[in-house]
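Remarks on the structure that follows.
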Amino acid sequence: MDTRKTREAGPLNLMQRWKETFTAKPSDKEKFYLTVAYPYPSGAMHVGHGRTYIVPDVIARFWRMREKEVLYPMAFHVTGAPVIGISKRIARQDQSAITLYRDLYRVPDDVLATFTDPINIVTYFSREYQRVMTAAGLSIDWSRTFTTIEPAYSKFIEWQWDHLKNAGYVVKGAHPVRYCTQCDNPVGDHDLLEGDTAQIQQFTLVLFSSEEGYIPCATLRPETVYGVTNLWVNPETEYVRIEIDGQIWIVSREAMGKLSLQDHDIKELGTIHGSYLVDRVVHHDLCGDIPILPASFVDPDMATGLVMSVPAHAPYDYIALRDLQQKGKYSTITPVGLIQVDGFGTAPAVEAVESAGITDQNDPRLLELTQQVYSAEHATGKMREKYGGKPVKIAREEVSIILTDRHGSIIMYEFDTRPVVCRCNNRVFVRVLHDQWFLSYSNPQWKEQVHEQLQRMDLVPPEVRAEFDRTVDWLNDWACTRRIGLGTRLPWDPEWLIEPLSDSTVYMAYYTIAAGIKKIDHTLLTPAVFDYIFLGKKQEGLPNPELLDELRREFLYWYPYNYRFSAKDLISNHLTFQIFHHCAIFPRELLPQGMVVFGMGLLNGAKMSSSKGNVYLLEDAINDFGADTVRMFLIGSGEPWQDFDWRNDLVASTKKQIDKFAATIQSCMEADGPVHPVDPWLMSRMQDHVAKGTAAMERFQTRQALYEMFYAVEADLRWYRRRTGSIQGKDASKILGSFASVWLRLVAPIIPYTCEELYQETNEGRLVSTAPWPVVDTSAICTDAELGEELLARTVEDIESILRIIKIKPEELSICIAPEWKWKIFSQVAQSPQNKTLIKEIMQDETMKQRGKETIDTVKQCTSHLHRLPPDLVSSLVQSRLSEYDLFIAAKEFLEREFSLTVTVYKAGECHHSKAQSALPYKPAIIIM
RNA sequence: GCGAGGGUAGCCAAGUGGUCAAAGGCGUCUGACUCAAGAUCAGAUCACGAAGGUGUUCGCGGGUUCGACUCCCUCCCCUCGCACCA
């Protein structure tokens, strides 16, 4: 029989019963509401996604068994531009897109043909997600599912944004973005063909006046303006004269295009050749009259295409100047040093170039040299006294302000690396958007609210707190609207769509009413309706008041949510955004209570990536190994916040363990034999596993919980089997039945299919999913039994280790127990924190004194022995005073069976072998002959 | 570069001042079962050892301490994030 099919494929009636069980309804029970970031369904689920939803599912199942009313909902985030790009690529038969969707995601050809409409992509994959999530055994309440472009959800988003606007958090502003002039839209990382690492840099334009107009030179180091000795122009290039915001400038043609995207009013007046500018004199108040010199390294496509020259501090400038001077020109120009750097003289660039032995401007080492000089000056440089004497870092800011305030300088944005190319093959430029809407995350009061809320929240693991706080501080205004994509339009400016990260911040509230709200026609869902449901502001004329009352109650039942789960890469945006939005809209008592941050997934040691084909689809994993195996492997692969590695070779062994577990449970449930002396030990240990496993689950330590509740129990059972001589089937002790009942329920959240089937065999078809979670039975805790078995196990280990070493053929094993007086010393040593006066104290006892050196040796031996025992074991040992003799007599048969030797147990003094004297409390002497 | 986290035996990984030669898993080896292989079960797996022991290890190098995988410092390496994108 193929056990996997019956156990893990999920019989139809079980799936039906689960579906009903997981539909959450407000009740008298305490609630537990957890949410996971909903998926963007643009492709098939892989095992990495699997873990994101399985870990919360295990938590959800745990709390459901703890008799809480659990809500675990799911929806689909279909807002944004990516699917539009995908559909375009499929429409134009882009081979890599076709391969990805047809071969890797295995989309049928007839379905793929419909993907030219982006809606069909998200619809198809939403269904796929739901199907695979269900197969994975996720206890999701599907009655509340929705997509983010449904009309009712859009109404909800409109309500949210009205509130944000009214609170003053949505503002219009100017902001530099990467912009594709052909798509007429900002471009994100994934829309780039080339240049995805390019950063937008802020150049200060220093305006030099000339007869022809201003000549703007871009610089990242405005503080060096005092050391400018000349300008550089490319004599091979044609420049343009432009009128910009009323001034006349000379810039490269490329620069004119760029500046026109940066919020300036520009008119081209004519052209002017680079060579024409050579030797003209320009002026700036901070450096005086200087000439324009020719240089081939000047790139017209870099900033303005004109460069100011600071030969003392810029290697390129120095070498270009030196080249000219070697030809006998401009010999009157000397570098002006203005920054003092440790390890350099007056002109660091000059020294660096000369000592590196660079001979011309095209030497590739110049780039590296420039980097070195720049970072040295930035990190440790100080302006010379004449120029203010401040550190470069500070002077840079100050000079920049002086330049903009008094010398007409403005900012120009430019990429640090080029080219940057859009997927449409067009060049991407920096554009300053001025009619863009922003969420003002820079607002200090808002930030403060979020900080305060974070303090009240439970963050798991605690280490992420620093990152959250830092993100809040670092966040700047967020451009929250787009021209293209799917989504909801901004209610007061419908030209704009609300951007995906911004429409997914308070939807956890929407889940609470997502099922009921469907009963109201979406056209009636005015902001007033949501004001009542979420904020309790009742107004006249609301539709269906009874239903709204019910929704209001349901919202208040579930909210605030208990925990939100998401991968750690969302800390710097989504996870923090959602706190901002909650703070802006909801009253304090409804604000989020906790977050759990996940690690990332690897596949066989390499990063999982759909585009590189390094993925293992969740559905394939479920088909190959079974849902329970996938679940248990993912839980066991690390704590939720740790990165994990999916490895097929390890997964196969997980499957074996589950099969073994199922067989064990079945045989335990059949057991009906007489009780065994080791039974109390087994049941006592189980209480410890229940306590530790429960505590781990409560702290989201699912891996630790799996260890306690599965592997540690299994290890106990192994020892139990060994002790009882593997009594199997019906003859095994009947306590195994209750043992199995506890064990089964402990493991049920992790491997529900297996446990559900096993549970129903003996529980009249009731579901383990709603069975009560095991509680610690204090009456079953038996410290003496645990101490005794621990001693026995340690002794067995010692015997094994001796047998391994000795080369004689053993025939007889003797165990000699330590005398009573050694116990006395043992407990005195155990209870004495430092043993300086200990020997004195012990010697006050006459009988001890008489033993002389023997006493002293025993104190030393006990001290080192105690040192090797766990502290809590020692304290129970001192209290319990178990009878070692009785223990070993009872275990005599076991020892004889284990080692196939005759075993004799001696009380202290009964054995006269010299080794018998080495017996210590909790460490009997072992004599093998 | 900036911010956050991390480097533990063949591999993955637990461990935050003495319970540590260091849990657990994988791999490997040995035994049992088997005609055999596989599966399963038991044991071993840093080195040395004819008695339960000893020696040397936890990224590199220093320091604090009677004692450090654990605390402090320098350095090296890895992962994640750095914004208009899910």
Side-chain angles (χ1 to χ4, degrees), chain A residues 37-42 77-83 175-178 185-192 199-200 375 378-379 433 436 438-439 441 461 463-471 473-482 485 499-502 504 567-574 577 599-600 602 605 607 636-639 641-645 647 649-650 652-654 656-657 659-660 663 703-704 706-707 710-712 714-715 718 721-722 726 794-795 797-808 866-874 898 915 918 923-928:
Chain A
Y38 47 24
Y40 183 80
S42 65
H77 194 205
V78 302
T79 317
V83 278
H175 204 64
V177 296
R178 287 185 296 218
N185 212 53
V187 280
D189 281 343
H190 60 269
D191 290 327
L192 290 171
Q199 299 286 312
I200 295 176
S375 10
H378 179 68
L433 294 177
Q436 170 68 269
F438 289 87
L439 279 164
Y441 293 141
E463 295 84 65
V464 298
R465 186 172 292 278
E467 207 174 339
F468 271 106
D469 277 321
R470 202 206 119 260
T471 299
D473 291 334
W474 162 84
L475 271 175
N476 220 322
D477 288 356
W478 177 264
C480 59
T481 50
R482 295 289 173 276
E499 170 278 333
L501 280 175
S502 304
S504 56
K568 68 177 169 194
D569 54 348
L570 295 191
I571 293 177
S572 65
N573 47 57
H574 166 74
F577 288 9
M600 317 292 284
L602 301 176
K607 201 181 285 187
S637 63
E639 296 296 2
W641 42 89
Q642 294 174 322
D643 294 347
F644 75 98
D645 190 4
R647 296 185 35 190
D649 50 339
L650 305 191
S653 89
T654 303
K656 281 187 242 162
Q657 280 158 340
D659 289 342
K660 203 167 88 189
R703 176 202 168 104
Q704 180 66 27
L706 174 66
Y707 169 73
F710 190 90
Y711 294 106
E714 203 186 32
R718 259 203 306 275
R721 288 259 159 80
R722 200 170 160 191
S726 301
R794 283 170 181 267
T795 309
E797 261 175 53
D798 282 352
I799 296 168
E800 280 169 344
S801 125
I802 294 166
L803 287 173
R804 214 175 310 127
I805 294 159
I806 60 172
K807 298 271 160 75
I808 58 164
L866 275 166
H867 225 77
R868 289 158 191 270
L869 294 173
D872 46 341
L873 189 147
V874 170
E898 276 289 307
K915 278 199 181 302
S918 67
K923 195 173 175 66
I926 297 160
I927 301 157
I928 294 168

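Keep in mind the model is a prediction, meaning the values are calculated, not measured. Here is how names work: the chains are called A, B, and so on, in the same order as the sequence lines, proteins then strands, and each is numbered from 1.
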Angle between ring planes, A:His77 versus A:Tyr40, binned at 30° and 60°: parallel, tilted or perpendicular? perpendicular
Taking 4.0 Å as the cut-off, does a side-chain nitrogen or oxygen of A:Arg647 come that near to OP1 or OP2 on B:A13? no
Between B:A9 and B:G59, how far apart are the C1' atoms? Round to whole Å, please. 14 Å
Looking across every strand, which nucleic acid part, if any, lies under 4.0 Å from A:Leu475 by heavy atom: base, sugar-phosphate, or nothing? base
What does B:A44 pair with, Watson-Crick or G-U, if both distances are under 3.5 Å? B:U28
To the nearest 0.5 Å, tell me how far A:Asn573 CG sits from A:Tyr441 OH. 9.5 Å
NA contact type, A:Lys660, heavy-atom cut-off 4.0 Å: base, sugar-phosphate, or nothing? sugar-phosphate
Closest non-hydrogen atom pair between A:Gln657 and A:Phe710, with its separation: O-CZ, 3.8 Å
Can you check the distance between B:G17 and B:C82, where both ends of the measurement are the C1' atom (answer in whole Å)? 38 Å
Whole angstrom is fine here: how far is it from CD1 in A:Ile926 over to P in B:A51? 13 Å
For A:Asn476, report the nucleic acid contact type (base, sugar-phosphate, nothing); a contact means any heavy atom under 4.0 Å. base
Looking only at N and O atoms, is any donor in the side chain of A:Asp798 or the base of B:A51 less than 3.5 Å from an acceptor on the other one? no
Quick check: on RNA chain B, is the nucleotide nearest A:Asp645 upstream (toward 5') of the one nearest A:Ile928, or the reverse? Name the residue that is more 5'. A:Asp645
Report the distance from atom CD of A:Glu639 to atom P of B:G5, rounded to the nearest whole Å. 18 Å
Rounded distance in Å between the C1' positions of B:C58 and B:U8: 4 Å
Spacing between A:Leu803 atom CG and B:G52 atom C1', to the nearest angstrom: 10 Å
Starting at atom CD of A:Glu797, determine the distance to atom C1' of B:G52, rounded to an integer number of angstrom. 10 Å
According to the Watson-Crick and G-U wobble definitions, with both distances under 3.5 Å, which nucleotide is paired to B:C69? none
Across every strand shown, the nucleotide meeting Watson-Crick or G-U wobble geometry with B:G38 (both distances under 3.5 Å) is none
Out of B:C26, B:G24, B:A86, which has the shortest distance to the side chain of A:Ser653? B:C26
Complement of B:U57, any strand, by Watson-Crick or G-U distances under 3.5 angstrom: none
Suppose we screen for ring-ring contact (aromatic ring centres under 6.0 Å, His included). Which residues come up paired with A:Trp478, at least two apart in sequence or across chains? A:Phe577
Nearest of B:G43, B:A13, B:A86 to any side-chain atom of A:Asn573? B:A86
Check every strand shown and say whether A:Ser918 touches a base, only sugar-phosphate, or nothing at a heavy-atom separation below 4.0 Å. base
Between P of B:G6 and CH2 of A:Trp641, the distance in whole Å: 13 Å
Minimum side-chain heavy-atom gap A:Val78-A:Val83 below 4.5 Å: no
Measure CG/A:Asp569 against P/B:A83 and give the value in whole Å, please. 14 Å
Nearest whole Å is fine: how far is B:C82 P from A:Glu467 CD? 11 Å
Using a 4.0 Å heavy-atom cut-off, does A:Pro924 contact any base of the nucleic acid, only the sugar-phosphate backbone, or nothing at all? base
Nearest whole angstrom, please: distance from the P of B:A13 to the OH of A:Tyr707. 18 Å
Set of ring-ring contact (aromatic ring centres under 6.0 Å, His included) partners for A:His574, sequence neighbours left out: none
What interatomic distance, in whole Å, is found between P of B:G61 and the corresponding atom of B:C26? 34 Å
Would you mind classifying the nucleic acid contact of A:Ala663 as base, sugar-phosphate or nothing, using non-hydrogen atoms under 4.0 angstrom? nothing
May I ask you to check whether A:Glu499 and A:Thr481 show a side-chain donor-acceptor distance below 3.5 Å? no
What does B:C80 pair with, Watson-Crick or G-U, if both distances are under 3.5 Å? B:G3
Which residue lies toward the 5' end of RNA chain B, A:Arg718 or A:Lys915, if each is placed at its nearest nucleotide? A:Arg718
